[in-house]
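Here is the structure we will look at.
Letters A, B, ... mirror the listed sequences (proteins, then strands); counts begin at 1.
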Number of protein chains: 2
Amino acid sequence: MNPSKAGASGVRPPRRTGPDIKAIPFNSSTDGVAVSLLSDAERHQLALIASIAHLKPASVLYEAGDPAEFLYIIIHGAVKTVRRLAGRKRAITAFLFPNDLVGLAAEGRYINTAVALAPLTVYRMPVAGLERVLLRNPELEYHFLCKVCHELREAQRHAISLGRKSAAERIAMLLHMLEHRQPPDMRDGEIALAMSRSDIADYAALSLESVSRTFRALQRGRIIAVRDKRHVRILDRARFEQLASTP
Amino acid sequence: MNPSKAGASGVRPPRRTGPDIKAIPFNSSTDGVAVSLLSDAERHQLALIASIAHLKPASVLYEAGDPAEFLYIIIHGAVKTVRRLAGRKRAITAFLFPNDLVGLAAEGRYINTAVALAPLTVYRMPVAGLERVLLRNPELEYHFLCKVCHELREAQRHAISLGRKSAAERIAMLLHMLEHRQPPDMRDGEIALAMSRSDIADYAALSLESVSRTFRALQRGRIIAVRDKRHVRILDRARFEQLASTP
DNA sequence: CGTACAGTTGATGATCATCAATCCCTGTGG
DNA sequence: CCACAGGGATTGATGATCATCAACTGTACG
């Protein structure tokens, strides 16, 4: 029970945002939009043990090494999961968005630190209760399984990106992911960046300076336009997609 | 029951190799040894739909893009999962060992190609039947969930390795993983490499040449001894662990 | 109006990829 | 038995990419 600064206010289910996917085992759509949305019945089950918490940007959901007492589902906002490396280096293993699962543990402890990137609303579920609920609701558990599979694929994509792609390609892939995962408050086709350049560097395994230079290079190539440090627009869709293409 | 080419020789459970872990939600041990081993009852449930297949080294379990009809659990042997990248480059997303799950799909299709590295024995489960079984056996499903969580953490570790570690550290981390995951037929503390240098290169996101040079450098530093291309021994445990340390 | 922090830009160097030549091992056929 | 072919692996030389160090700019905030 890590109260932190965010008050866990009552139990109120989030609004329904889309249809379920059930038929295809361990499946998920590529962009994660329609993944792991819960049925009303499933939400009701979770509501029995979950509370809703609101957190301010930069607040910490949990710290690496803490006993893993809660699992979170993002309702609104964005989260980064950070790991400290040797010599004050940091790695961001994932950016997470609405409907994503946060707080997977190993040996009862969190393996990284989760930090809110924006005003955040989450379901907060004690793991002990969650295990009981899952074991009584195989379909709900199946949704969790699908969700974790999706995060696994995302992590593999990330690994390929870091290992085999150039700086420009990594940045393009990140922008591509953000474009597809962030809720459409990007009017006019603009991509809103919830994170700092430094966070981008830690995610893409680049130096801060390289991120900066890469953004500039993409601008000079007329591939993107950077209106403001937090707002990017795609100018040359074809070349952008080619850079961001996963294969 | 899908006989297929590999003789589905009746339903015969693999020998028990360790105790289950149940109490800790979404948990797994670090080295994966005691992860996702099934109880007799659970194995019995899986046996209703699974067949056992034997495959020769270098044979293909499935190809990327194929409809995902089966999920596999490795009983004996090792598997690599390969993805083709642009320009005849390849990436190996994972090496998988006994008790690992192979064949997670996206949108009903496999996203990479799975190839046997050694004589291989697998459980082979049609996904349609598997979904039914899982929905009726929440505890079994929970084991699958834990297993996928473990693979997720492994993928994240891999991503950090590729993004932030030197060639020597990547190789050391791979050797470290092999040492902990491969069954103890490495007598005398030797690590048996089931894969070629080329596979190591594709896993570590290095060139073939860099892998070679890195092995040599580790030898010259008296950190490892390479008896044969497939057998390595740790000479300086302290420095080895330091290189391989995850942080 | 300065202090602080995030970001940009430039110069230099380390790491690793690439190209190319050679070696080693295994199997094959004379 | 030997020679040879072919793939895997090694070694060396050169170059590209990106990290690092350092200086500087902008912007928010006291």
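The side chain of S210(B) lies closest to dC16(C) when the candidates are dC16(C), dT10(D), dC18(D). Of the candidates dG7(C), dA13(D), dT10(D), dA13(D) carries the atom nearest the R213(B) side chain, counting heavy atoms from C-beta on.
Between D228(A) atom CG and dG7(C) atom P there is a gap of 11 Å when expressed in whole angstrom units. With rounding to whole Å, F215(A) atom CZ is found 16 Å from dT9(C) atom C1'. Computed from coordinates, the L218(B) CG to dT10(D) C1' distance equals 15 Å when rounded to whole Å. Rounded to an integer number of Å, the gap from CG of L206(A) to C1' of dT20(D) is 14 Å. Rounded to an integer number of Å, the gap from CZ of R230(A) to C1' of dT27(D) is 13 Å. The interatomic distance linking I200(A) (CD1) with dA6(C) (P) rounds to 14 Å, in whole Å. The interatomic distance linking H231(A) (NE2) with dG7(C) (P) rounds to 14 Å, in whole Å. At whole-Å resolution of the value, CD in Q219(B) and C1' in dT10(D) are 11 Å apart.
F95(B) has its ring centre less than 6.0 Å from the ring centre of Y203(B).
Checking the phosphate oxygens (OP1, OP2) of dT8(C), no side-chain nitrogen or oxygen of R216(A) falls inside 4.0 Å. Listed pair S198(B) / dG8(D) fails the phosphate criterion, with no side-chain N or O lying under 4.0 Å from OP1 or OP2. Under 4.0 angstrom from either OP1 or OP2 of dT18(C) there lies at least one side-chain N or O belonging to K89(B).
Contact check for V122(A) versus I52(A): no side-chain heavy atoms found under the 4.5 Å cut-off. V102(A) is not listed as a side-chain neighbour of I73(A), based on a closest heavy-atom distance of 4.5 Å or more.
Nearer to the 5' terminus of DNA chain D, by closest-nucleotide assignment, is the contact made by S212(B) (compared with the other of S212(B) and S207(A)). Sequence order on DNA chain C of the closest nucleotides to R220(A) and R164(A) puts R220(A) first from the 5' end.
For E209(B) and dC19(C), a side-chain-to-base donor-acceptor distance below 3.5 Å is present, hydrogens and geometry of angles not being considered.
Using cut-offs of 30° and 60° for the angle between ring planes, the H176(B) and F240(B) rings count as tilted.
Residue-level contact check: A205(B) touches the backbone only, with heavy atoms under 4.0 Å from sugar-phosphate atoms and none from bases.
Side chains of S166(B) and E169(B): a donor-acceptor N/O pair is present below 3.5 angstrom, by distance only.
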